[in-house]
Amino acid sequence: MNDQKTLDINIYDTYFVISYGHFGVLLSFIYSFIAVIYFVLIKLNFILIKWITFTHVIVSIGGVFLILLFFKLIRQTAPGDFESVLDDIDFNAKMTWGIWITFFIMLGMQAVFVINVIQALVRGKR
């Protein structure tokens, strides 16, 4: 990803323009914060559900790589015959759906992470 490119998000009448570099810093901060929470809970001997922790880590990290893969697969529509342009548009629409589905799965796993942390705090230490 190019640091000079931007991510444009349109919500109603407002455009949010975020450079990929700033987006990477934000994502790094979020993942670091989650890692610190895991580290503190483990060091203080709180009981986390292992399969939930494993699934959360795999989906969170794998989801980022999957979204990057979807972005790389998006085709640039070049002038040509009308049929190939339509195929490119259809393919790009499928890649966009893949990005959104992966994003919402990752977002759901963050909710599962919060549930895992809350249950660890309720159960207490070993």
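Keep in mind it's a predicted model, so treat the numbers as computed, not measured. The first residue of the sequence shown is numbered 1, and numbering continues consecutively from there.
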Check: Looking at CZ of Arg123 and CD1 of Ile118, how far apart are the two atoms once the value is rounded to the nearest 0.5 Å?
Finding: 14.0 Å

Notebook entry, point to check: With distance as the sole test, does Asn116 use its side chain to make a donor-acceptor pair with the main-chain N or O of Ile49 at under 3.5 Å?
Noted result: yes

Note to self: Taking the side chain as everything from C-beta on, heavy atoms only, tell me whether Leu73 gets closer than 4.5 Å to Lys94.
What the structure shows: no

Check: In terms of heavy-atom contacts, does CZ of Phe54 have more than 12 from other residues, nucleotides or ligands at under 6.0 Å?
Finding: no

Check: Same cluster or not: are Ile115 and Phe104 linked, directly or through other Ile, Leu, Val, Met, Phe, Trp or Tyr residues, by side-chain heavy atoms under 4.5 angstrom apart?
Finding: no

Check: Is Phe39 linked to Phe113 within one hydrophobic cluster, defined over Ile, Leu, Val, Met, Phe, Trp and Tyr using a side-chain heavy-atom separation of less than 4.5 Å?
Finding: no

Item checked: Separation between CG of Asn92 and CH2 of Trp97, rounded to the nearest 0.5 Å -> 15.0 Å

Margin query: I need the minimum non-hydrogen distance between Thr102 and Gly63, along with the two atoms involved.
Written below: CG2-O, 3.6 Å

Notebook entry, point to check: Taking atom CZ of Arg75 and atom CD1 of Ile89, what is their separation to the nearest 0.5 Å?
Noted result: 11.5 Å

Checklist line | Heavy-atom closest contact (Gln119 atom, Leu48 atom, distance) | finding: NE2-CA, 3.8 Å

Next item on the list: State the OG1-CZ distance between Thr96 and Phe91, to the nearest 0.5 angstrom.
Entry: 10.0 Å

Item checked: Tyr38 side chain reached by Ile34 side chain, heavy atoms, under 4.5 Å -> yes

Notebook entry, point to check: Taking side chain as C-beta onward, heavy atoms only, is Ile30 less than 4.5 Å from Phe33?
Noted result: no

Next item on the list: Find the distance between CG (Leu107) and OG (Ser60) and round it off to the nearest 0.5 Å.
Entry: 10.0 Å

Notebook entry, point to check: Going by heavy atoms in the side chains, are Ile67 and Met106 under 4.5 Å from each other?
Noted result: yes

Notebook entry, point to check: Side-chain contact, heavy-atom cut-off 4.5 Å: Ile74 with Ile99?
Noted result: yes

Next item on the list: Report yes or no: do Val117 and Ile61 belong to one cluster of Ile/Leu/Val/Met/Phe/Trp/Tyr joined by side chain heavy-atom distances under 4.5 Å?
Entry: yes

Check: Would you call His56 and Thr53 a side-chain contact if the rule is heavy atoms closer than 4.5 Å?
Finding: no

Check: Can you get from Ile58 to Met109 by hopping between Ile, Leu, Val, Met, Phe, Trp and Tyr side chains that sit under 4.5 Å apart?
Finding: no

Margin query: Between Leu68 and Leu66, is there shared hydrophobic-cluster membership here, with clusters defined by ILVMFWY side-chain heavy atoms closer than 4.5 Å?
Written below: yes

